[in-house]
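All remarks here apply to the structure that follows.
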Amino acid sequence: MDNLLLHPKTRASLANVATAQHQAIALVGKPGSNKYQIARQLAKNLLQIDSLEHYPYYLEILPDDIKVSVEQIRDIHQFIKLRVPTESKSGINRVLLIYKAHKMTSSAQNALLKTLEEPPSGTTIILTTPSRNQLLKTVISRSQTIDILPVDKASATAFYATHATIDNLDSLYAMSQGQTGLLDSLVTNQDHPLIDKITTAKSLFTANKAERLIMVDELSKDREKAQSLLDAMLRITHASIVINSRKNDKSALSKW
């Protein structure tokens, strides 16, 4: 995990589960907290391999459009029937990742329960979710949960100290609110779903009243998109207030 920017408590928790056998591990963190990359690195650590690409005893389940279906969970049942000829020093020789596990339908979560209750020896299931409350209690209770906590600004500054000078790290950190996945994408100019939402939010802030009404009318038809946009608007507002407070720009602050 040395190549990842992590909160010390999160790093310690990940180190602990990497040396113990758990039937299921739930990574819990807000959108932008880098759960996908952390989950993949954890899988490599558990399997003690350098790459997951084409590895036959690693399986990823990703949302199909907007949900993880019961049919996708049935793929898991087929996967765990495969005989694993290799033994790992960690005792784990097969890992499956359900990314955005909160997108599982109730039927899919119930279908997963049997596997969680009677997992094959040497198998670990990794789940990612923004909140414990978005998974059935029966699912989360059978999982070892790890909170992916936001990092502080000092840790972020130290982590990126080896990179080229980043003049606007203060504002990027404020925008990310310490969520490391979003922060890294902002710093390295890589794509991230939240960056698209931030761009839309900036457009909404600068649009005239008529344009705003059209945008809001469209967004009101999609609850998830509306919630993501509100989150992006809050990030922009938070970053602007933090930066302008440091500059003591009372005029800009009064506008916010």
Residue pair Leu47 / Ile92: nearest heavy atoms and the distance that separates them | CD2-O, 3.9 Å
Find the distance between CD1 (Ile140) and CG (Leu136) and round it off to the nearest 0.5 Å.
-> 10.0 Å
Which heavy atom in Arg235 sits nearest to a heavy atom in Ser176, and how many Å separate them?
-> NH1-O, 2.8 Å
Side-chain donor-acceptor contact under 3.5 Å, Gln179 with Tyr173 = no
So, Tyr55 versus Glu53: side-chain donor-acceptor pair below 3.5 Å or not?
-> no
Shortest non-hydrogen contact between Ile195 and Ser185, atoms and distance = CD1-CB, 3.8 Å
Take atom NZ of Lys44 as the centre, draw a 6.0 Å sphere, and report whether it contains more than 12 heavy atoms from other residues, nucleotides or ligands.
-> yes
For Ser240, does its backbone N or O pair with a side-chain atom of Asn244 as donor and acceptor, under 3.5 Å?
-> yes
Which donor-acceptor pairs under 3.5 Å do the side chains of residues 151-158 make with protein atoms, sequence neighbours left out?
residue : atom : partner : partner atom : Å
Asp152  : OD1  : Ala154  : N            : 3.4
Asp152  : OD1  : Ser155  : N            : 2.7
Asp152  : OD1  : Ser155  : OG           : 2.7
Lys153  : NZ   : Asp170  : OD1          : 2.9
Thr157  : OG1  : Lys153  : O            : 2.9

Is atom CG of Asp191 surrounded by more than 12 heavy atoms (other residues, nucleotides or ligands) closer than 6.0 Å?
-> no
Check step by step if salt bridge (charged side-chain N to carboxylate O under 4.0 Å, His left out) holds for Glu218 and Lys225.
-> CA-CA 10 Å; Glu218 186 64 30; Lys225 285 184 179 179; over 6 Å; no
Say whether, by atom type as modelled, one donor and one acceptor occur between the side chain of Lys35 and the main chain of Gly29 under 3.5 angstrom.
-> yes
Should we say atom CG of Asn208 is surrounded by more than 12 heavy atoms from elsewhere, each under 6.0 Å from it?
-> yes
The side chain to side chain contact (heavy atoms under 4.5 Å, CB included) partners of Ser228 (sequence neighbours excluded) come to Lys197
Contacts satisfying side-chain hydrogen bond (donor to acceptor under 3.5 Å, both in side chains) that involve residues 106-118 (not counting sequence neighbours) are His77-Thr115, Glu117-Arg142
Asp2 atom CG, neighbour heavy-atom count above 12 within 6.0 Å | no
Roughly how far apart are Gln48 CD and Leu46 CG, rounded to 0.5 Å?
-> 8.5 Å
Considering non-hydrogen atoms only, spot the tightest contact between Ala108 and Val68 and give its length.
-> CB-O, 3.6 Å
Check Leu204 against Arg212 and note the closest heavy-atom contact, atom names and distance.
-> O-NE, 3.0 Å
Looking only at atom types and distance, does a side-chain atom of Thr10 sit under 3.5 Å from a main-chain N or O of Leu6, one as donor and one as acceptor?
-> no
For Arg132, does its backbone N or O pair with a side-chain atom of Thr129 as donor and acceptor, under 3.5 Å?
-> no
In one Ile/Leu/Val/Met/Phe/Trp/Tyr side-chain cluster, 4.5 Å: Leu172, Phe205 | yes
Separation between CH2 of Trp256 and CD1 of Ile243, rounded to the nearest 0.5 Å = 12.0 Å
Just by modelled atom types, is the Thr145 backbone N or O under 3.5 Å from a matching donor or acceptor in the Ser143 side chain?
-> no
Report the distance from atom CD of Gln144 to atom CG of Leu127, rounding to the nearest 0.5 Å.
-> 12.0 Å
Treating Ile, Leu, Val, Met, Phe, Trp and Tyr as nodes and any side-chain heavy-atom pair under 4.5 angstrom as an edge, say whether Met175 and Val242 lie in one connected cluster.
-> no
Enter the distance from Leu27:CG to Ile146:CD1 here, rounded to the nearest 0.5 Å.
-> 5.5 Å
Linking I/L/V/M/F/W/Y whenever their side-chain heavy atoms sit closer than 4.5 Å, directly or via other members, would Val139 and Ile61 fall into one cluster?
-> yes
Any donor-acceptor N/O pair, Glu60 side chain to Leu97 backbone, under 3.5 Å = no
All heavy atoms of Asn93 vs all of Tyr57, minimum pair found to be O-CB, 3.5 Å
Here the gap from Asp217 atom CG to Leu219 atom CG, rounded to the nearest 0.5 Å, amounts to 9.0 Å
Between the side chain of Gln72 and the main-chain N/O of Leu62, is any donor-acceptor distance below 3.5 Å?
-> yes
Asn45 side chain to Gln41 side chain, donor-acceptor N/O pair below 3.5 angstrom | yes
Taking the side chain from His22 and the backbone from Ala24, do they hold a donor-acceptor pair closer than 3.5 Å?
-> no
